[in-house]
Amino acid sequence: MTSSKQDQNEHGIAHFAALKTAIANGEEQTVKELLPTGPMQDLEKDYLIELAKLNNNRTIINLLQNIPSKD
């Protein structure tokens with residue numbers, strides 16, 4: 001039996017992986033759908049921005065830069 005926290009972590013990891021894949025593939029609409037509604041950890045946000053920069057997709061870079069950061 002798994003705990004609720006473990007389920008949340010696995011969902012979060014799967015969600016983050018899907019977001020990374022959408023960014024790498026340049027899927028702007030999917031990125032918009034997968035973006036968090038709240039703040040994101042700076043480390044995660046910076047990683048995703050760097051990934052978007054590899055594809056030079058200005059729209060995705062801007063979407064990611066506009067996400068608020070957690071303190």
Side-chain angles (χ1 to χ4, degrees):
M1 181 178 225
T2 60
S3 71
S4 177
K5 184 159 179 87
Q6 183 178 359
D7 290 342
Q8 288 175 350
N9 285 342
E10 288 174 6
H11 175 72
I13 291 168
H15 186 86
F16 189 75
L19 183 55
K20 287 187 334 185
T21 300
I23 291 168
N25 291 337
E27 300 169 355
E28 295 173 13
Q29 185 58 40
T30 304
V31 170
K32 288 177 186 177
E33 292 169 5
L34 292 172
L35 285 177
T37 56
M40 178 182 265
Q41 293 288 336
D42 282 334
L43 184 62
E44 292 175 339
K45 181 178 171 180
D46 292 344
Y47 172 80
L48 294 175
I49 290 170
E50 289 301 315
L51 184 60
K53 286 180 178 178
L54 290 174
N55 290 332
N56 200 27
N57 188 318
R58 196 73 222 154
T59 301
I60 293 177
I61 293 168
N62 288 336
L63 287 170
L64 295 168
Q65 288 175 334
N66 289 329
I67 298 171
S69 297
K70 285 185 182 178
D71 292 334

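Counting heavy-atom neighbours within 6.0 Å of L54 CG, excluding the residue itself, gives a total above 12.
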(request) Could you check K70 against D42 for side-chain contact (heavy atoms from CB on, under 4.5 Å), going step by step and ending with a plain yes or no? (result) CA-CA 7 Å; K70 285 185 182 178; D42 282 334; over 6 Å; no
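Two residues are said to be in side-chain contact when any heavy atoms from C-beta on lie closer than 4.5 Å; L19 and M40 meet this criterion.
With rounding to the nearest 0.5 Å, the separation of OG1 in T37 from CD1 in I67 is 10.5 Å. Taking CG of L48 as the start and CD1 of I23 as the end, the distance is 4.0 Å to the nearest 0.5 Å. The distance from the CG atom of D46 to the CD atom of Q65 is 9.5 Å, given to the nearest 0.5 Å.
Considering every non-hydrogen atom in both G26 and N55, the closest pair reads N-ND2, 4.4 Å. The two residues A52 and I61 have their closest heavy-atom pair at CB-CG1, 3.6 Å.
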Using a 3.5 Å cut-off and no angle test, enumerate the donor-acceptor pairs between side-chain atoms of residues 28-35 and protein atoms at least two apart in sequence or in another chain.
from	atom 1	to	atom 2	distance (Å)
E28	OE2	N57	ND2	3.4
Q29	NE2	E33	OE2	3.3

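For residues 47-66, the set of pairs meeting the salt bridge (Lys or Arg N to Asp or Glu O under 4.0 Å) definition, not counting sequence neighbours, comprises E50-K53.
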